[in-house]
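These values consider heavy atoms only, across backbone and side chains, with no hydrogens, waters or symmetry-generated copies.
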Amino acid sequence: MTTVGVPAGWPATEEEARAVQDELRGRVVRDEPGPEPGTGRVTGVDVAYDDALDLVAAAAVVLDAATLDVVAEATAVGRVSFPYVPGLLAFREIPTVLAALDRLPCPPGLVVCDGYGLAHPRRFGLASHLGVLTGLPVIGVAKNPFTFTYDDPGAQRGCSAPLLAGAEEVGRALRTRDGVKPVFVSVGHRVSLDNALAHTLSLTPRYRLPETTRRADALCRRALRDAARNARGGAQEPSMRQAPTS
DNA sequence: GCGACAG
DNA sequence: ATCTTGTCGC
């Protein structure tokens, strides 16, 4: 199993990372509505960590947007490329996520990631960063409001309220299930906010979190488990690391 | 200066 | 993110 290293020139300090964000933020495309919800393909990406072993596992799971059936999936394992710093999450997740996306056998269509896009201290969160680097339409669906404020949306699925940075709307708190805590949706790249909300609702017929996120989360955790087990057990060929049967 | 803070 | 048992509910 090859391991993704830290890219050459990857920022080593918070200062450098913030400078990269300031430089790339102008490339975000905001005047496209994005793919039609319920059509084509939607891909979820997620990452799991084992800091002690210095391991990162990323997963990309492609779903048919109409049926939500899994069409394809891929994983990648790498080294931790950056510590977790609020506002700099992208530098921790992106290298391995890009590797997983590269391994997909088909185009990903719209990408849905954990975390934020324009709802970010410098308006350039993970979803925007990933979009600018790949050129793909990307949205961010987060589980927490980060540093932003919002008024509780109505209790019914579909209700939403502005996610605010002061007076600026940077995303929306969206109720995906009746009476359940909302998720926080923001634009990443090449998708409108309204369309991002519609996609999120289309991906949540049963659970609070999008099927894309749930699928990618389960897969990257499994990939991390396998990688950690192989790291402990010494170098072995992928062909001989099948999971024991019962 | 202090606390809070996506994953 | 990750560490972790039982438990309430469909």
Any N/O pairs under 3.5 Å between the protein and nucleotides 4-7 of chain B? List them or say none.
residue	atom	partner	partner atom	Å
B/dA6	OP2	A/Y84	OH	3.0
B/dA6	N7	A/G87	N	3.2
B/dA6	N6	A/G87	O	3.2
B/dA6	N6	A/L88	N	3.4
B/dA6	N6	A/L89	N	3.3
B/dA6	N6	A/H120	NE2	3.4
B/dA6	N1	A/L126	N	3.3
B/dA6	N3	A/Y116	N	3.1
B/dG7	OP1	A/K143	N	2.9
B/dG7	OP2	A/N144	ND2	2.6

message: For A/D217, run the side-chain contact (heavy atoms from CB on, under 4.5 Å) check against A/V61, A/D46, A/T212, A/V47 and tell me which one passes.
response: A/D46
task: Give a yes or no answer on whether the side chain of A/R208 reaches the backbone of A/K181 with a donor-acceptor pair at less than 3.5 Å.
output: yes
- request: Assign a letter to each nucleotide of nucleotides 3-10 of chain C from its 5' end: B, base within under 4.0 Å of a protein heavy atom; S, sugar-phosphate only; -, no contact.
  value: --------
task: Give a yes or no answer on whether the side chain of A/R177 reaches the backbone of A/P205 with a donor-acceptor pair at less than 3.5 Å.
output: yes
query: Do A/Y49 and A/L130 belong together in a cluster built from hydrophobic side chains that touch within less than 4.5 Å?
result: yes
message: Under a 3.5 Å distance rule, please check whether A/T43 uses its side chain to pair with a backbone N or O of A/P108 as donor and acceptor.
response: yes
- request: Verify, without hydrogens or angle tests, whether A/D54 (side chain) and A/R79 (backbone) share a donor-acceptor contact under 3.5 angstrom.
  value: no
field: Main-chain N/O of A/F146 paired to A/N144 side chain as donor or acceptor, under 3.5 Å
entry: no
field: Positions of residues 200-209 of chain A (non-hydrogen atom under 4.0 Å from DNA chain B), listed by number
entry: none
- request: Compute whether any side-chain donor of one residue and acceptor of the other, for A/R157 and A/T204, lie under 3.5 angstrom apart.
  value: yes
message: When you measure from the centre of the six-membered ring of A/Y207, is the NZ or CZ of A/R214 closer than 6.0 Å and no more than 45° off the axis?
response: yes
message: Can you see whether A/F124 has A/R27 sitting over its ring - NZ or CZ less than 6.0 Å from the centre and within 45° of the normal?
response: no
